[in-house]
Amino acid sequence: MDLRKLILALTLIGALVPFANTFYAGFTVQRQQLVDTTLDGNYAYANKLAGSTEDFLQSAQLQLAYTAQLLAVKMDDVARLEGEAARLRMMSKSFNSITIFDATGTVLATSPETLGLQGRVLNSEAVKAALREKRPLISEPYQSATGNFIVFINHPIVSGSGRYLGAVGGAIYLQKENILDRLLGQHFYVDGSYLFVVDRHKRIIYHPNPDRIGDVVQNNAVVERVITGESGMGQTVNSRGIKMLAGYALVASTGWGIVAQRPEEATLAPLTQLMRSTLYKALPATLLTLILILWSARLISRPLRLLADGARKMEDPASARDIGEVKSWYFESRELKKALLIGVDAIHKSFSKLREDNATDPLTRLGNRRRMDEALANFESRAEAFSVITIDIDHFKAVNDTYGHDAGDLALQHLARCMREACRTYDIPLRVGGEEFVILLPATTLVTAAQVAERLRVTVEQMVVPTVGSLTISLGVASWPQSALEIEAVMKAADEMLYVSKRSGRNRVSAYPRETDAVY
């Protein structure tokens, strides 16, 4: 059976797809309708309350303006001032307290009198702003002298001649029962829906939970938009991590933002129940079809999946075995398996040659500096002790100058052969520069390494290179961790010993530390 016929069979089974698509499309459309309806409703409600709040603030300022006119001729009569303050607070029910102060900020009268502010000079930012601006103002929320978190609305008191006499102000206590509670608290708090108000600094000035008043809202996209002057709707996440559908509107005169929001989960709950009922009725036939599809899909996809797994790790030596064990029971997977096995074999051969070439000096066929770095990294990761022999051909420049570079290359190759013969199967002979060579000896002490170095020196001294004749070498030996605690320091110590050998007359071995020198 080929793949084309399998696809044809699955296409017939695909009659189920329209059902699934219709089900999903219905859910998506109805979901969006519910979300949009909720967003529109919350926006309309927030906008309405923003208008109501604006109307209240305008009304409160008119009440204060009227009272200011009456007080302009009574500023010297404390009893009448106290009476007007009490009348304004009790009749309007707009403010938690009323304060009348003169042009110096000194309190002349308050209501209720229990505030105990008479005669005191007020230093709050709201009062300072009122004295400075000499115009109607609505303050930012602040902590009052009596310890209340308030919004202060004031109107200047001006004499008939236009002289500024002071101001009358009403305070709304945000953390106590207040006009905002009565104005905004009628919101129908069910299924997690609620309303809150923030000032232009993202600080909550109204919330159904009084403990939240004064908190600064962080990382809320809706609040970020409303404090910039926008009104609208959007999805956000509240402080408890619940997804909310919010409408928001700006109170223009204060820069406050009113946010009405409902949990997304509560909005979608009826739709979820409806779709669940629909699914239950269609479940038996759908389940039978699904089982058939799953069985067919698994049967068809298993060989391809296993071949794909093998293809992802083709560089692994075990990949050829894994691919070979795949049971490719149809034509396309069988042909793909053959191609993969051929490819794996070619890749392994290429990788092997590439790794060898990449870490091998082409002239001497010894390891190069890359091979040395890999070996040192392995020693360090396994915390495996090792010794290192550094080697340099004495007067090699003279060989090149006298006999030519071809003869010099021949001398390097002869030295490389001697090094391989002197090494054990697990030692690592390397060429790291022009005439610079290194031997890494795993699990070898300093004394043993020095003995190996001496044998190599003697062998090279007795070697005859065509055209060139005899050569000598100088060697330095160090061991880790005996010579140094850092691997880099061990390599440097071996180089130092190489130069000690050269300064001492060449054709010799020097080991580090010097008290264990094997100098021949």
Side-chain angles (χ1 to χ4, degrees), residues 49-50 52-68 71 85 88-89 92-112 115-117 120-158 164-184 196-207 210 212-217 223 226-229 250-258:
L49 290 180
S52 299
T53 303
E54 185 69 43
D55 291 342
F56 157 71
L57 294 173
Q58 296 298 327
S59 173
Q61 288 182 320
L62 288 175
Q63 294 174 32
L64 292 173
Y66 177 74
T67 302
L71 295 178
L88 177 59
R89 183 176 71 87
S92 70
K93 300 294 184 180
S94 297
F95 307 105
N96 293 91
S97 66
I98 300 294
T99 303
I100 302 171
F101 53 90
D102 64 17
T104 66
T106 302
V107 176
L108 303 178
T110 64
S111 178
L115 294 177
L117 296 176
R120 292 178 56 179
V121 177
L122 300 177
N123 291 314
S124 68
E125 290 299 322
V127 172
K128 290 180 180 178
L131 297 175
R132 182 175 61 251
E133 300 288 335
K134 297 181 175 60
R135 62 183 179 86
L137 292 175
I138 300 174
S139 75
E140 299 286 350
Y142 70 97
Q143 199 81 21
S144 71
T146 57
N148 294 307
F149 188 52
I150 70 173
V151 170
F152 190 65
I153 305 173
N154 74 85
H155 195 284
I157 302 172
V158 182
Y164 179 75
L165 301 177
V168 56
I172 300 173
Y173 296 174
L174 298 177
Q175 291 172 310
K176 297 182 179 180
E177 183 181 351
N178 58 69
I179 187 63
L180 288 180
D181 285 331
R182 295 191 294 275
L183 185 65
L184 304 176
F196 67 94
V197 183
V198 294
D199 67 8
R200 68 183 73 238
H201 302 296
K202 300 188 287 187
R203 186 166 42 187
I204 295 175
I205 61 175
Y206 170 79
H207 196 281
R212 294 295 308 280
I213 294 174
D215 290 351
V216 176
V217 180
V223 172
V226 75
I227 65 168
T228 63
L250 185 73
V251 180
S253 62
T254 60
W256 297 349
I258 296 180

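Quantities reported herein were computed from a predicted structural model and do not represent experimental measurements.
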Discussion item. Any heavy-atom pair between the side chains of Ile172 and Phe56 that's under 4.5 Å?
Written reply: yes
Discussion item. Using only atom types and a distance under 3.5 Å, with no angle test, would you say the side chain of Arg200 pairs donor to acceptor with the backbone of Thr254?
Written reply: yes
Worksheet item: What pair of heavy atoms forms the shortest contact from Tyr173 to Ser97, and how long is it?
Response: OH-OG, 2.9 Å
Worksheet item: Roughly how far apart are Ser111 OG and Asn96 CG, rounded to 0.5 Å?
Response: 11.0 Å
Discussion item. Main chain of His155, side chain of Gln61: is a donor-acceptor contact present, judged purely on distance under 3.5 Å?
Written reply: no
Discussion item. Working note: Leu122 + Thr99, criterion side-chain contact (heavy atoms from CB on, under 4.5 Å); need CA distance, chi angles, decisive distance, verdict.
Written reply: CA-CA 10 Å; Leu122 300 177; Thr99 303; 4.0 Å; yes
Discussion item. Looking at Leu88, is its backbone amide N or carbonyl O close enough to the side chain of Gln63 to form a donor-acceptor pair, meaning the two atoms are under 3.5 Å apart?
Written reply: no
Practice prompt. Rounded to the nearest 0.5 Å, what's the gap from CG on Leu64 to CD1 on Ile100? Could you check?
Written response: 10.0 Å
Item to complete: Taking Arg203 for its side chain and Pro141 for its backbone only, find out whether a donor-acceptor pair lies under 3.5 Å.
Response: yes
Discussion item. Are there over 12 heavy-atom neighbours, none belonging to Tyr164, within less than 6.0 Å of that residue's OH?
Written reply: yes
Discussion item. Give me the atom names and distance for the closest heavy-atom approach of Leu174 to Ile205.
Written reply: CD2-O, 3.4 Å
Practice prompt. Provide the closest heavy-atom pair for Ala68 versus Ile157 in the form atom of the first, atom of the second, distance.
Written response: O-CG2, 3.8 Å
Worksheet entry | Val127 and Asn154, any side-chain heavy atoms less than 4.5 Å apart | no
Discussion item. Do Glu125 and Ser139 have side chains that approach each other closer than 4.5 Å (heavy atoms only, starting at C-beta)?
Written reply: no
Worksheet entry | Beyond-backbone contact of Leu108 with Phe101, side-chain heavy atoms, under 4.5 angstrom | no
Worksheet, complete the sentence: Scanning both residues in full, the closest heavy-atom pair of Glu54 with Ala252 reads OE1-N, 3.3 Å
Worksheet entry | Nearest heavy-atom neighbours spanning Leu131 and Thr104 | CD1-C, 4.0 Å
Fill in: For the student: nearest non-hydrogen atoms of Ala85 and Thr110, plus distance
CB-C, 4.2 Å
Practice prompt. Could you tell me whether the side chain of Ile98 reaches within less than 4.5 Å of the side chain of Thr67, counting heavy atoms only?
Written response: no
Discussion item. For a 4.5 angstrom cut-off between non-hydrogen side-chain atoms, does Ile150 reach Tyr142?
Written reply: yes
Discussion item. Is any side-chain heavy atom of Trp256 closer than 4.5 Å to one of Val151?
Written reply: yes
